[in-house]
Amino acid sequence: MQAAEVGTIGRFDGREVKLTGWVYNVRSSGKILFILLRDGTGTIQCIVEKTAGEELFTSASRLTQESSVGITGTVRPDARAPGGWELRVTGLDVIQIAEGYPITPKEHGTDFLMDNRHLWLRSQRQHAIMTVRAGLIRFIRDFFDNRGFLCIDTPVFTPNACEGTTTLFETDYFGDKAYLTQSGQLYNEANAAAFRKVYCFGPTFRAEKSKTRRHLIEFWMVEPEVAFAGLDDIIELAEDMIVEVVGRSLERYRPLLEGVLERDVAMLERVRKPFPRLSYDEASAILKRKGAAFEYGSDFGGTDETLLSEEYDRPVFVHRFPSAIKAFYMQPDPANPALSLSVDLLASEGYGEIIGGGERVHDLALLEKRIEEHGLPKKAFQWYLDLRRYGTFRHAGFGLGVERTLSYICGLQHVRETIPYPRLLNRLSP
RNA sequence: UCCUGAGUAGCUCAAUGGUAGAGCAUCCGGCUGUUAACCGGAGGGUUGUAGGUUCAAGUCCUACCUCAGGAGCCA
């Protein structure tokens, strides 16, 4: 008997095959019975007729949602079947009858679904999101790999804060304190001096008590860093990357985005070069004109980001934030040292900041001064200062939040669906 | 940490201060092409927890717990 998978069932037209999987739903109509079988690659309708044998029919009628089975049958096209193909069942091998599967084919609340995240992943919607996620990660890697960037991993355990200000998860490291990384950037700068164009791609941890639809405690970030590059260079790099990964996601997953996730892809189709570039000062003026409760000198809130992004039909760059609200390593703007050569990319439709980056301080004396001003432990930064002692160089980079980007591409209400097992303020399980 | 809202059957939700109910799920029965199938029947409850007001509390009051959305902070 030929083993087959639902995803490629068309190859077996007219032949008898064996499928293995889980029962998604059963519908019975007296003398005919429909099993919707899910095998991880897709779902297919399997029909069992009473004329095929009393024993087979009785056995099939006892199936419950998520029971595991092996089903043999003949593949044939049928316009009435979802997906266009169906299986006329000739044999049924029941592996286990599942009892009381919690997620029924009706509506459920998010708390209940999150408690059952390990089962929720079986649903068509989550299947679609995880498929696009895997694709997005591949497209991002392809983008950098094809441009001569080297993927250099940065550590998850770090001896000190990268930016000092945000809250870190502290762990016991054989009697010493160690922290879970909140960015690979400082290491990226060392790697850039060794390999010129580098990126890291890994998990990031923020012990912030943020509880919004844009926040995860554990999330994935891709961070490129480029030697002998400035602010304008990495803005262009970020722009090229977004255009490519959004374009490829749309090209590859349009049926999932439109069909399963009901994404209005028109917004994604407009993601073309060039993106608008606003200075912080210009953005402030727009917010003032729109009557936002924003104060010049502070960072944008979620509402401010939405107000700015709705001015444009594509993602928008905001650059040259005040140095006071950016990290200690941001290079000051030569035209106005109160401002920094920093940039954020705001996604459309209120999805907010998906990229943050800028040009780094490369002058030793200035960096030492900044470390002191920020009250950071100078000793822990000696290796970082070495990068300015031994062949310092102008360099810049950024970080892209994978989950926020995916949320934007898929058009989701909340980032918690973009990662298989989300860690949130009040949730560590499953 | 703060603001707002919500906790009732396994799930999603109803119930003017006066006998706690429906749909789905489960079980039984019916139906020869179903599309979250449909039709009939059955079982299923310490109304988040602890107090209080009242003849009477799911409903009103207080505290706490949990969850949701948001603020601050950030990708």
Side-chain angles (χ1 to χ4, degrees), chain A residues 24-36 43 45-52 57 61-62 64-66 78-83 86 88 97-116 119-120 123-124 162-163 165-167 182-185 202-223 238 293 298-306 321 325-327 343-347 350-357 398-408 413-416 418-419 424-427:
Chain A
Y24 200 69
N25 199 6
V26 184
R27 287 186 284 267
S28 154
S29 189
K31 305 274 191 298
I32 188 165
L33 188 143
F34 302 88
I35 304 167
L36 209 54
T43 56
Q45 174 167 290
C46 307
I47 66 167
V48 185
E49 286 169 299
K50 211 157 195 173
T51 53
F57 193 84
S61 69
R62 295 206 177 103
T64 56
Q65 197 188 351
E66 291 304 315
D78 191 305
R80 291 167 296 187
E86 66 179 20
R88 180 183 284 267
I97 295 291
E99 286 178 37
Y101 186 71
I103 302 177
T104 61
K106 284 281 176 179
E107 292 164 11
H108 298 282
T110 51
D111 188 39
F112 175 78
L113 289 170
M114 291 295 287
D115 281 341
N116 291 284
L119 303 175
W120 190 18
S123 78
Q124 201 189 13
C162 291
E163 307 185 12
T165 50
T166 36
T167 330
Q182 58 182 2
S183 166
Q185 192 221 306
T204 299
F205 309 88
R206 303 270 169 97
E208 292 162 4
K209 302 212 167 172
S210 299
K211 218 177 93 173
T212 78
R213 69 185 69 194
R214 301 183 304 280
H215 284 90
L216 291 167
I217 301 300
E218 175 183 315
F219 65 96
W220 286 66
M221 191 156 68
V222 56
E223 295 173 275
S298 66
D299 207 349
F300 302 129
T303 322
D304 300 324
E305 291 180 350
T306 305
F321 287 81
I325 55 168
K326 285 292 177 183
V343 64
D344 283 1
L345 179 68
L346 307 180
Y351 282 96
E353 184 185 345
I354 57 173
I355 282 177
F398 64 84
L400 170 89
V402 171
E403 285 77 14
R404 283 191 185 174
T405 306
L406 183 61
S407 190
Y408 162 59
Q413 290 299 307
H414 200 301
V415 283
R416 67 185 154 219
T418 60
I419 188 164
L424 302 165
L425 188 53
N426 296 320
R427 178 171 295 280

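Every chain is numbered from 1 and lettered A, B, ... according to where its sequence line falls, protein lines coming before strand lines.
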Candidates [options] - which lies nearest the side chain of [X]:
{"X": "A:T212", "options": "B:A71, B:G69, B:A68", "answer": "B:A71"}
{"X": "A:F34", "options": "B:A75, B:U34, B:G70", "answer": "B:U34"}
{"X": "A:K31", "options": "B:U32, B:G70, B:C74", "answer": "B:U32"}
{"X": "A:T104", "options": "B:C74, B:G33, B:G10", "answer": "B:G10"}
{"X": "A:H215", "options": "B:C73, B:G70, B:U34", "answer": "B:C73"}
{"X": "A:F112", "options": "B:C11, B:C74, B:G33", "answer": "B:C11"}
{"X": "A:K211", "options": "B:G69, B:A75, B:C67", "answer": "B:G69"}
{"X": "A:R214", "options": "B:C74, B:G10, B:G33", "answer": "B:C74"}

query = Given that A:G109 and A:L400 both sit by RNA chain B, which one's nearest nucleotide is further toward the 5' end?
reply =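 Closest to the 5' end, via its nearest nucleotide, is A:G109.
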
Separation of [N] [atom2] from [X] [atom1] (nearest whole Å):
{"X": "A:K209", "N": "B:C74", "atom1": "NZ", "atom2": "C1'", "answer": "16 Å"}
{"X": "A:I217", "N": "B:C73", "atom1": "CD1", "atom2": "C1'", "answer": "11 Å"}
{"X": "A:D115", "N": "B:G7", "atom1": "CG", "atom2": "P", "answer": "18 Å"}
{"X": "A:I32", "N": "B:U32", "atom1": "CD1", "atom2": "P", "answer": "10 Å"}
{"X": "A:E208", "N": "B:A75", "atom1": "CD", "atom2": "C1'", "answer": "9 Å"}
{"X": "A:L425", "N": "B:G69", "atom1": "CG", "atom2": "P", "answer": "11 Å"}
{"X": "A:I97", "N": "B:A25", "atom1": "CD1", "atom2": "C1'", "answer": "16 Å"}
{"X": "A:H414", "N": "B:A75", "atom1": "NE2", "atom2": "P", "answer": "18 Å"}

query = Within the structure, does a side-chain N or O atom of A:H108 lie under 4.0 Å from either OP1 or OP2 of B:C24?
reply =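 Negative; the distance criterion is not met.
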
query = Closer than 4.0 Å, any side-chain N/O of A:R416 to the OP1 or OP2 of B:G69?
reply =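 For B:G69, OP1/OP2 do have a side-chain N/O of A:R416 under 4.0 Å.
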
Taking donor-acceptor contacts at under 3.5 Å, does the side chain of [X] reach the base of [N]?
{"X": "A:Q45", "N": "B:U34", "value": "yes"}
{"X": "A:E99", "N": "B:G10", "value": "no"}
{"X": "A:S28", "N": "B:C31", "value": "yes"}
{"X": "A:R404", "N": "B:C74", "value": "yes"}
{"X": "A:S210", "N": "B:C73", "value": "yes"}

Roughly how many Å apart are [M] and [N], using the [atom1] atom of each and rounding to a whole number?
{"N": "B:U8", "M": "B:U46", "atom1": "P", "value": "12 Å"}
{"N": "B:A15", "M": "B:C3", "atom1": "C1'", "value": "30 Å"}
{"N": "B:C55", "M": "B:G10", "atom1": "C1'", "value": "37 Å"}
{"N": "B:A9", "M": "B:G72", "atom1": "P", "value": "36 Å"}

Partner lookup for [N], please. Criteria are Watson-Crick or G-U wobble with both distances under 3.5 angstrom; report none if nothing qualifies.
{"N": "B:A63", "value": "B:U49"}
{"N": "B:C31", "value": "none"}
{"N": "B:C11", "value": "B:G23"}
{"N": "B:C2", "value": "B:G70"}

inquiry  = Whether the A:S183 and A:E223 side chains hold a donor-acceptor pair (N or O, under 3.5 Å, no angle test) is what I'd like checked.
reply    =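 Their side chains do contain a donor-acceptor pair, which is all the 3.5 Å distance test asks for.
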
message = With a 4.0 Å cut-off on N to O distance, would you call A:D78 and A:R88 a salt bridge?
response =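 Answer for the salt bridge query: no.
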
message = Would you say CD of A:Q124 has more than 12 non-hydrogen atoms from neighbouring residues, nucleotides or ligands within 6.0 angstrom?
response =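 12 or below, so no.
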
